[in-house]
*Asks:* 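Sharing a structure, written as structure tokens. Questions coming.
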Amino acid sequence: MKINTINTKILIIIASAFIIMTLSIYLFASHYLKSMIDGYQESVYSEKIDTILDMLERKYEHLTETFLIDAYQEDFKQSFLEDFRSSYFTGNDQKVYPFILDSKGKCMIDAGMNGKSCPPKEKSFFAEVKNEKKGSFEYAFKGSAYWVIKRHFPQWDWYIGYIVPLSVKYTHFYSFRDILAMIMAVTTVLALFIVSLLVTNFTKPIYQLTKASLALSSGNLDYPMKVNSSDETGILTQSFLSMRDAIRKTISDLNEKNTILTQEIAERKRIAHALKDSEQRYRLLVENQNDLVIKFDTSNRLLFVSPSFCNTFDGKEEDLLGKNLLELIHKDDRDRIQKTLDATHVPPYTCFHEERTLTKSGLRWFAWSAKGILSDDGTVTEVISVGRDVTSRKKAEEERELLIKNLEQKNAEMERFLYTVSHDLKSPLVTIEGFLNIVKKDLKKNDTSKLPSFISRMLNASVKMRELLDDLLNLSRIGRVVNEYEDVPFRDIVNDAMELLSASIEKKNIKITVEDNLPVVRGDRQRLTEVVMNLLENAIKFTSSEKNPVITVGTKKGEDGVIYFIKDNGIGIDPIYFEKIFGLFNKLDPNSEGTGVGLALIKRIIECHNGKIWVESNGQGKGCTFCFTIKA
Ligand code: ADP
């Protein structure tokens, strides 16, 4: 029998309750019965002794009244003792023992307990008997317990009493107690048997349910179960059966889903495998191409960077990931790029943009083609973009733009040039033609008086025309006739120019200061000498009216390198003409010497040396400084 079954537990509880109840009844009944027996025996034996004493007292009083007491006292005692002995001693099967002790403890009747010694002969017994307070007491003698009841007869100072063995005193009590115990035991066994039957009957459905539950938990859904009653256990069984049906259905559903899931897993594995293959191919492609590949989220945070991207920005992948893409772009391009990237969030989800990017090798141009990746909900959450370094193309484009611009400028210049040339060349021809017509008319009239003057003026016009043509020829040669570039000390170039102009310098008494430590310049020595000579020539020309004309040749530091300058304290130039004077045939004073081609020629030579030329002046009368740079 298993101790943890409901049956056993209920039986143990009921058995315990029964045993406790039986014991309680037994103990209570024993105690109560014993008290009753005590009271009963006390009254029986008291009555017996009191009857004897009554009778003794009456005889004693009778003898006293008849004054025969003294004469018959001894006989009276002996006869009383005889009577007492004969009436209360019944032989060997005697169960109650009377005794009489005199005032000194001598046994007048010794209870006759089949032995030489008996309780009345014990001193301790006499001491107990003498104790006035007790009418009865219990006494132990030779391993047996006795109940003693006694009375005192004062006339003779005798103690009369009975000794009753406890086994005799409680004979009925013991037999009643044994019967009660037997009845209780039988009742308990019977009750337990009946309860066990009832409990077994009551717990049978629960037991069955338990077995069915165990079967269910071990996977057996077909364990036989029946609803046998409509009470709570019946309802419980019914619920269990419903639950089992539900579980059966759930298991069947699960099995179906499991089959589907298994197929799905197999399919996913196949897809994952294919994806892995594809990812490997894609990775191989991405990692081995020079184009930059990146992926970023809607906040432009980098989610993927290809090795070529890391290499371009000289950064580690972990440092670049999470960084805002726009941080890597030139700040002037950021707003434009952001607007362009917004196009990846609307159909067709693509955009193309070019931007300047700060790479490890400086600012470079990249062309990006971006595509928004659609998520399941139809929104763009990530953008993938492929970029290519187009710096060289951009440079080529810029150069082409510059060339086109230059060409346009040159075309415009050429148009102006052609117009100016044709206009300026036309003017001496018109002069010559005019004079020739006058000469023709004068010759018809045979008037030759003005002929020498006309011829002289026509010669002047033709000289002017030749000068113009020489200058034009010189100008047209620049850029075509190129002498070998060489490193020349600028001081040597200045000296050459001054040598060529020495006559006019001396004639006009002009002081020219040349700074020390002038650098070495690389370029076409002959052309550069022409530049310095022309500038010095102009400076001399436009300072000669000054009292103390001073010209300074030197260099200063500029943003793009050395700036060469020729400074004078001559008539100066109004800032509004700073550009104009470099044009062809542009002279601020039409009556001044020269053809107005000099500065245009200089400008052309300087540009051929990749340099710039400009003039600085605080206005008319305040002198001017011609500056130029050379990057040959
Ligand atoms: P030109 O050969 O006639 O001197 P340029 O082209 O050399 O022609 O000069 C154009 C004009 O620029 C001059 O006519 C003059 O008005 C002005 N110019 C040039 N150099 C100076 C200078 N040092 N001071 C003042 N004006 C100058």
Side-chain angles (χ1 to χ4, degrees), residues 413-414 416-421 423-425 427-428 460-461 463-479 494 497-498 500-501 503-505 507-514 527-554 563-608 611-628:
E413 206 174 283
M414 187 62 83
R416 274 203 315 276
F417 175 75
L418 284 174
Y419 173 80
T420 318
V421 168
H423 178 268
D424 280 46
L425 283 179
S427 130
N460 281 345
V463 167
K464 172 86 174 162
M465 200 170 155
R466 188 173 49 80
E467 279 178 0
L468 276 173
L469 287 171
D470 283 348
D471 280 347
L472 282 176
L473 199 63
N474 198 9
L475 186 65
S476 71
R477 279 192 189 131
I478 297 169
V494 176
M498 282 171 68
L500 290 166
L501 295 169
S504 57
I505 293 168
K507 189 180 161 194
K508 293 187 177 173
N509 193 25
I510 287 178
K511 188 184 175 194
I512 297 181
T513 309
V514 182
R527 290 292 181 196
L528 290 178
T529 308
E530 268 180 58
V531 169
V532 176
M533 199 187 85
N534 264 296
L535 289 173
L536 280 175
E537 204 173 12
N538 280 349
I540 292 164
K541 200 183 339 178
F542 296 107
T543 51
S544 54
S545 55
E546 294 295 315
K547 274 188 187 169
N548 297 309
V550 178
I551 296 169
T552 311
V553 181
I563 297 173
Y564 303 86
F565 68 83
I566 289 158
K567 185 178 173 185
D568 64 56
N569 61 345
I571 61 167
I573 301 171
D574 193 321
I576 57 169
Y577 301 118
F578 280 180
E579 287 290 320
K580 194 182 177 190
I581 55 170
F582 291 99
L584 199 60
F585 305 125
N586 284 336
K587 289 170 40 171
L588 298 183
D589 178 6
N591 298 320
S592 65
E593 291 174 38
T595 56
V597 176
L599 284 178
L601 190 113
I602 290 170
K603 190 175 178 227
R604 184 115 175 84
I605 295 171
I606 294 295
E607 281 172 355
C608 284
K612 282 191 294 185
I613 183 163
W614 68 97
V615 64
E616 294 168 358
S617 173
N618 290 328
Q620 280 187 330
K622 293 186 178 166
C624 61
T625 308
F626 279 85
C627 306
F628 62 90

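Whatever order the structure lists them in is the order used to number ligands and atoms, beginning at 1.
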*Asks:* Could you check whether the rings of Phe628 and Tyr564 sit parallel, tilted or perpendicular, using 30° and 60° as the cut-offs?
*Replies:* parallel

*Asks:* May I ask you to test the Met498-Val514 pair for a side-chain heavy-atom distance under 4.5 Å?
*Replies:* yes

*Asks:* Counting from 1, what ligand 1 atoms have a heavy atom of Ile573 closer than 4.0 Å?
*Replies:* 25 (C), 26 (N), 27 (C)

*Asks:* Go through Val553 and Ile566 one step at a time and tell me if the side chain to side chain contact (heavy atoms under 4.5 Å, CB included) criterion holds.
*Replies:* CA-CA 5 Å; Val553 181; Ile566 289 158; 4.0 Å; yes

*Asks:* Taking the side chain as everything from C-beta on, heavy atoms only, tell me whether Val531 gets closer than 4.5 Å to Phe626.
*Replies:* no

*Asks:* For atom 11 (C) of ligand 1, find the nearest protein heavy atom and state the residue, atom name and distance (0.1 Å precision).
*Replies:* Asn586 O, 3.5 Å

*Asks:* Counting from 1, what ligand 1 atoms have a heavy atom of Cys624 closer than 4.0 Å?
*Replies:* 22 (C), 23 (N), 24 (N)

*Asks:* Please list, in number order, the atoms of ligand 1 under 4.0 Å from a heavy atom of Ile571.
*Replies:* 25 (C)

*Asks:* Are any of the heavy atoms in Glu537 under 4.0 Å away from ligand 1?
*Replies:* no

*Asks:* State, yes or no, whether a side-chain contact exists between Leu599 and Ile602 at a heavy-atom distance under 4.5 Å.
*Replies:* yes

*Asks:* For Gly596, take its heavy atoms, then give the atoms of ligand 1 lying under 4.0 Å from any of them.
*Replies:* 1 (P), 2 (O), 3 (O), 6 (O), 8 (O)

*Asks:* Heavy-atom count around Lys541 NZ within 6.0 Å, excluding the residue itself: above 12?
*Replies:* yes

*Asks:* What about Leu588: any of its N or O atoms under 3.5 Å from an N or O on ligand 1?
*Replies:* yes

*Asks:* Mark yes when over 12 heavy atoms from residues, nucleotides or ligands other than Asn509 sit less than 6.0 Å from its CG; otherwise mark no.
*Replies:* no

*Asks:* For atom 4 (O) of ligand 1, find the nearest protein heavy atom and state the residue, atom name and distance (0.1 Å precision).
*Replies:* Lys541 NZ, 2.7 Å

*Asks:* Closest non-hydrogen protein atom to atom 22 (C) of ligand 1, residue and atom name please, with distance?
*Replies:* Phe542 CD1, 3.3 Å

*Asks:* Tell me which protein heavy atom sits closest to atom 12 (O) of ligand 1, plus the residue, atom name and distance to 0.1 Å.
*Replies:* Ile581 CG2, 3.6 Å

*Asks:* Identify the closest protein heavy atom to atom 5 (P) of ligand 1: which residue and atom is it, and at what distance?
*Replies:* Leu599 N, 3.7 Å

*Asks:* To the nearest 0.1 Å, how far is atom 7 (O) of ligand 1 from its closest protein heavy atom, and which atom is that?
*Replies:* Asn538 ND2, 2.9 Å

*Asks:* Is any side-chain N of the basic residue among Arg527 and Glu530 closer than 4.0 Å to the acidic one's carboxylate O?
*Replies:* yes

*Asks:* Give me the residue, atom name and distance of the protein heavy atom closest to atom 23 (N) of ligand 1.
*Replies:* Asp568 OD2, 3.0 Å

*Asks:* Any Lys/Arg nitrogen of Lys603 or Glu607 sitting under 4.0 Å from an Asp/Glu carboxylate oxygen of the other?
*Replies:* yes

